[in-house]
Asker: 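Below you'll find the structure I mean.
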Amino acid sequence: MNTAYWRVNPQNPDPEVIKKAAELLREQKLVAFPTETVYGLGALANSSQAVAGIFTAKGRPARNPLLVHISKIAQLEGLVEAIPDTARLLMDKFWPGPLSIILPARNKVPDIVRGGRNTVGLRMPAHPVALALIDEAGPVAAPSANLSGRPSPLSAEHVKADLDGKIAAVLDAGSTGIGLESTLLDLSTERYKVLRLGGLPLEDLQQLLGDRLETTGNDSDRLPHYQTTYEILICDDHEDFIKRQEYCRQHKKKFAIVSSHTGHQHIINKSVAVYQLSLNQNSSNLYAILRQAEQAGIEILLFSPLPEDLHQVNPTLFDRIRRASGKQF
Ligand code: TXA
Ligand code: MG
């Protein structure tokens with residue numbers, strides 16, 4: 001398959017291009033599109049056949065449910081039986097935006113979208129291109145537009161690296177903003193559960209939901225995440241950082257460094273690549289770095305000591321670094 005790449009203005013997409021992309025979706029094809037978090041890989045949510053294509057293209061485990069992306073509240077009617085008051089409150093306040101909400105699903109939502117569950121994950125992305133596409137095509141089921149187990153894509157280039165030739169088209173609106181996926185909130189049970197930290201800060205939810213909010217792990221946490229081709233090591237402190245660099249030198253390991261400091265750091269080999277990690281909650285480049293490091297063909301990616309308060313500064317970034325390294329810390 002020849003994948004088409006269509007450039008669109010991120011704020012004001014050309015309606016003709018959006019129409020072409022929506023037409024592909026209606027033909028049961030797959031179209032990647034930008035959101036404010038990461039790029040998504042879309043298929044028409046009411047077509048089991050189209051949605052099945054997502055699983056094939058990504059190599060995604062079959063029972064992993066998909067988020068349904070909508071552009072207006074009226075579209076919820078075909079997806080859920082009712083909108084509980086809490087859900088409505090959150091939608092009013094945070095949509096469009098990086099919050100996905102899980103609610104009991106209507107039976108007619110295809111089983112493959114729900115991963116066999118009786119719930120459906122709902123998201124209204126805050127990106128003019130995504131909203132225009134959904135307005136034109138109707139609700140779109142979409143996971144992140146990467147091969148399963150790889151970092152989520154922040155640009156059309158990232159999508160191309162994983163899915164070229166496997167999907168019909170990519171709407172290229174440049175880099176996404178937040179760079180980390182949406183916050184996942186399960187409102188389908190008595191207690192409200194945050195299943196995944198994400199672009200919407202936890203405090204914003206805590207403020208509204210108080211004690212009813214629980215933070216647990218998602219089932220999908222047990223699936224492999226970010227299977228990088230290299231090992232990721234996170235240095236505890238300055239001493240550890242020097243020691244590990246020495247180790248790489250002695251064992252002739254090809255390595256690169258991720259730094260979250262702007263000040264001086266002791267780097268023993270000046271020719272080693274240093275990637276600067278952004279700690280900004282609204283624009284993470286972590287996934288871009290993980291991909292760049294892979295292209296550089298390194299064996300070890302060394303994170304210089306992270307700020308002590310990173311889990312406060314940007315808890316979602318902390319969470320994703322932890323997952324990528326495959327370790328609990
Ligand atoms: O920011 C985002 O959320 C991006 C953009 C494209 O919207 N999407 C995204 O989708 O990250 P995906 O499929 O990569 O991650 C969605 C997560 C998965 O872990 C999935 O298991 C979970 O949401 N999920 C979806 N529907 C669910 C449901 N009904 N119950 C429990 N978990 C659900
Ligand atoms: Mg994903």
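Nothing here was measured: the structure is a model prediction, and the numbers come from that model.
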Asker: Could you walk me through whether Leu290 and Leu301 pass the side-chain contact (heavy atoms from CB on, under 4.5 Å) check?
Answerer: CA-CA 9 Å; Leu290 295 182; Leu301 185 61; 4.0 Å; yes
Asker: With distance as the sole test, does Ser278 use its side chain to make a donor-acceptor pair with the main-chain N or O of Ser283 at under 3.5 Å?
Answerer: yes
Asker: Could you go through Arg249 and Glu246, starting from their C-alpha distance and side-chain angles, then the distance that decides it, and tell me whether this counts as salt bridge (Lys or Arg N to Asp or Glu O under 4.0 Å)?
Answerer: CA-CA 5 Å; Arg249 180 159 69 183; Glu246 289 292 356; 3.0 Å; yes
Asker: Rounded to the nearest 0.5 Å, what's the gap from CG on Asn146 to CG on Leu154? Could you check?
Answerer: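 Between atom CG of Asn146 and atom CG of Leu154 there are 10.0 Å.
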Asker: Is there a donor-acceptor pair under 3.5 Å between the side chain of Gln245 and the backbone N or O of Ile268?
Answerer: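 Yes: the side chain of Gln245 pairs with the backbone of Ile268.
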Asker: Tell me whether the count of non-hydrogen atoms from other residues, nucleotides or ligands lying under 6.0 Å of CG in Asn107 goes above 12.
Answerer: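 Count not over threshold, so no.
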Asker: Are Val170 and Ile18 connected in a single hydrophobic cluster, I mean Ile/Leu/Val/Met/Phe/Trp/Tyr linked by side-chain heavy atoms less than 4.5 Å apart?
Answerer: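 Shared cluster, no.
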Asker: Is any side-chain heavy atom of Ile73 closer than 4.5 Å to a side-chain heavy atom of Met124?
Answerer: yes
Asker: Do the non-hydrogen side-chain atoms of Pro153 and Leu163 ever get within less than 4.5 Å of each other?
Answerer: no
Asker: Residues two or more places apart in sequence or in another chain: which of them pass ring-ring contact (aromatic ring centres under 6.0 Å, His included) with Tyr247?
Answerer: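 ring-ring contact (aromatic ring centres under 6.0 Å, His included) list for Tyr247, sorted by chain: His251.
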Asker: Would you find more than 12 non-hydrogen atoms of other residues, nucleotides or ligands less than 6.0 Å from Lys72 atom NZ?
Answerer: yes
Asker: Is there a path of hydrophobic side-chain contacts, each under 4.5 Å between heavy atoms, that joins Val31 and Leu147?
Answerer: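 Unlinked, Val31 and Leu147 end up in two clusters.
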Asker: Please list, chain by chain and in numerical order, all residues satisfying side chain to side chain donor-acceptor pair (under 3.5 Å) with Asn282, sequence neighbours excluded.
Answerer: none
Asker: Is there a side-chain contact between Trp6 and Asp14 (heavy atoms, below 4.5 Å)?
Answerer: no
Asker: Are a donor atom and an acceptor atom from the side chains of Gln265 and Ser259 found within less than 3.5 Å of each other?
Answerer: yes
Asker: Set out, in order, the CA-CA distance, both residues' side-chain angles and the distance that settles side-chain contact (heavy atoms from CB on, under 4.5 Å) for Val68 and Leu66, then state yes or no.
Answerer: CA-CA 6 Å; Val68 177; Leu66 300 174; over 6 Å; no
Asker: For residues Ala32 and Ile167, report the shortest heavy-atom separation together with the two atoms involved.
Answerer: CB-CD1, 3.9 Å
Asker: Are side-chain N/O atoms of Ser152 and Arg320 paired as donor and acceptor at under 3.5 Å?
Answerer: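 Ser152 vs Arg320: no donor-acceptor pair found between side chains.
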Asker: Identify the two heavy atoms, one from Ala293 and one from Ile298, that lie closest to each other, and give their separation to 0.1 Å.
Answerer: O-CG1, 3.3 Å
Asker: Any non-hydrogen side-chain atom of Phe33 less than 4.5 Å from a side-chain atom of Val159?
Answerer: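 Phe33 does not reach Val159 side chain to side chain.
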Asker: Look at atom CD of Glu27 and say whether more than 12 heavy atoms of other residues, nucleotides or ligands are closer to it than 6.0 Å.
Answerer: yes
Asker: Under the criterion side-chain contact (heavy atoms from CB on, under 4.5 Å), I'd like the reasoning laid out for Asp319 against Arg323: C-alpha separation, chi angles, the key distance, then a yes or no.
Answerer: CA-CA 6 Å; Asp319 172 73; Arg323 290 191 197 204; 3.2 Å; yes
Asker: Side chains of His158 and Tyr287: closer than 4.5 Å at any heavy-atom pair?
Answerer: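 Of all side-chain heavy-atom pairs linking Tyr287 with His158, none is under 4.5 Å.
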Asker: Do Ile289 and Tyr230 belong to the same hydrophobic cluster, where Ile, Leu, Val, Met, Phe, Trp and Tyr are linked whenever their side-chain heavy atoms lie under 4.5 Å apart, directly or via other members?
Answerer: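 Ile289 clusters together with Tyr230.
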Asker: Leu41 and Leu30: which non-hydrogen atoms are nearest, and at how many Å?
Answerer: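 It is CD1-CB, 4.0 Å.
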Asker: Could you list the donor-acceptor pairs under 3.5 angstrom formed by side chains in residues 80-91, with sequence neighbours left out?
Answerer:
from: Thr86; atom 1: OG1; to: Tyr192; atom 2: OH; distance (Å): 2.9

Asker: Taking CZ in Arg7 as the centre, count heavy atoms belonging to other residues, nucleotides or ligands within less than 6.0 Å. Is the count above 12?
Answerer: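 Atom CZ in Arg7 is not packed in, count stays at 12 or less.
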Asker: Evaluate side-chain contact (heavy atoms from CB on, under 4.5 Å) for Trp95 paired with Leu122, printing each intermediate quantity in order.
Answerer: CA-CA 11 Å; Trp95 276 8; Leu122 304 160; 3.9 Å; yes
Asker: Ala173 and Pro34: which non-hydrogen atoms are nearest, and at how many Å?
Answerer: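 Taking every non-hydrogen atom into account, CB-CG, 3.7 Å.
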Asker: CD1/Ile102 to CG/Leu185 distance, rounded to the nearest 0.5 angstrom?
Answerer: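 It is 7.5 Å, given to the nearest 0.5 Å.
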Asker: Roughly how far apart are Leu286 CG and Leu279 CG, rounded to 0.5 Å?
Answerer: 10.5 Å
Asker: Would you please classify the geometry between the Phe318 ring and the His311 ring as parallel, tilted or perpendicular, with 30° and 60° separating the classes?
Answerer: tilted
Asker: Would a distance-only check, ignoring hydrogens and angles, find a side-chain to backbone donor-acceptor pair under 3.5 Å from Gln276 to His261?
Answerer: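 Yes; judged by distance alone, with no hydrogens or angles, the pair exists.
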Asker: Does any donor atom in the side chain of Ser182 or Ser100 lie under 3.5 Å from an acceptor atom in the other side chain?
Answerer: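 Looking only at side-chain atoms, Ser100 and Ser182 do form a donor-acceptor pair, the distance falling under 3.5 Å.
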Asker: List for me each residue that meets side chain to side chain donor-acceptor pair (under 3.5 Å) alongside Lys253, sequence neighbours excluded, and say none if there are none.
Answerer: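 None.
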Asker: Got Leu67 and Leu184 here, is their nearest side-chain heavy-atom distance under 4.5 Å?
Answerer: yes
Asker: Is Glu157 salt-bridged to Arg291, going by a charged N under 4.0 Å from an acidic O?
Answerer: no
Asker: I'd like to check the side chain to side chain donor-acceptor pair (under 3.5 Å) partners of Thr183; sequence neighbours left out, ordered by chain and number.
Answerer: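 Scan of Thr183 (side chain to side chain donor-acceptor pair (under 3.5 Å), adjacent residues dropped) gives none.
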Asker: Could you list the donor-acceptor pairs under 3.5 angstrom formed between side-chain atoms of residues 198-206 and any protein atom two or more places apart in sequence or on another chain?
Answerer:
none

Asker: Quick check: does any side chain N or O of Asp186 sit under 3.5 Å from a backbone N or O of Lys193, one acting as donor and the other as acceptor?
Answerer: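 Not a single qualifying donor-acceptor pair exists.
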Asker: Within the structure provided, determine whether Lys29 and Met1 are in side-chain contact (heavy-atom separation under 4.5 Å).
Answerer: no
Asker: Answer yes when Arg191 and Asp211 have at least one side-chain N-carboxylate O distance shorter than 4.0 Å, and no when they do not.
Answerer: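 Looking at Asp211 together with Arg191, the answer is no, because their closest N to O distance does not fall below 4.0 Å.
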Asker: Without swapping roles, check the side chain of Arg106 against the backbone of Glu77 for a donor-acceptor pair under 3.5 Å.
Answerer: yes
Asker: Check for me, please, whether Ile300 and Ile242 land in the same ILVMFWY cluster - side-chain distances under 4.5 Å, paths through other members count.
Answerer: no
Asker: Minimum heavy-atom separation for Ser260 to Pro305, with atom names?
Answerer: OG-O, 3.9 Å
Asker: Under 4.5 Å between side-chain heavy atoms, hopping through other hydrophobics if needed: is there a path connecting Leu277 to Leu310?
Answerer: yes
Asker: With rounding to the nearest 0.5 Å, note down the distance linking NZ in Lys93 to CD in Gln207.
Answerer: 7.5 Å
Asker: Would you mind reporting whether Cys235 and Leu302 have side-chain heavy atoms less than 4.5 Å apart?
Answerer: yes
Asker: Counting distance only, does the side-chain N/O of Arg123 pair as donor-acceptor with the main-chain N or O of Gly97 below 3.5 Å?
Answerer: yes
Asker: Are the side chain of Arg60 and the backbone of Ile54 linked by a donor-acceptor contact shorter than 3.5 Å?
Answerer: no
Asker: Are the side chain of Glu299 and the backbone N or O of Lys254 linked by a donor-acceptor pair below 3.5 Å?
Answerer: yes
Asker: Please check: side-chain N/O of Thr3 versus main-chain N/O of Gly165, any donor-acceptor pairing under 3.5 Å?
Answerer: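 Checking the backbone N and O of Gly165 against the side chain of Thr3, a donor-acceptor pair under 3.5 Å is found.
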Asker: Can you tell me how far CG of Asn285 sits from CG of Leu180, rounded to the nearest 0.5 angstrom?
Answerer: 9.5 Å
Asker: So which atom in Tyr275 and which in Ala296 form the shortest heavy-atom distance, rounded to 0.1 Å?
Answerer: OH-CB, 3.9 Å
Asker: With no hydrogens and no angle check, is any side-chain donor or acceptor of Lys58 less than 3.5 Å from a backbone partner on Ser144?
Answerer: yes
Asker: State the CD-NZ distance between Glu136 and Lys20, to the nearest 0.5 angstrom.
Answerer: 13.5 Å
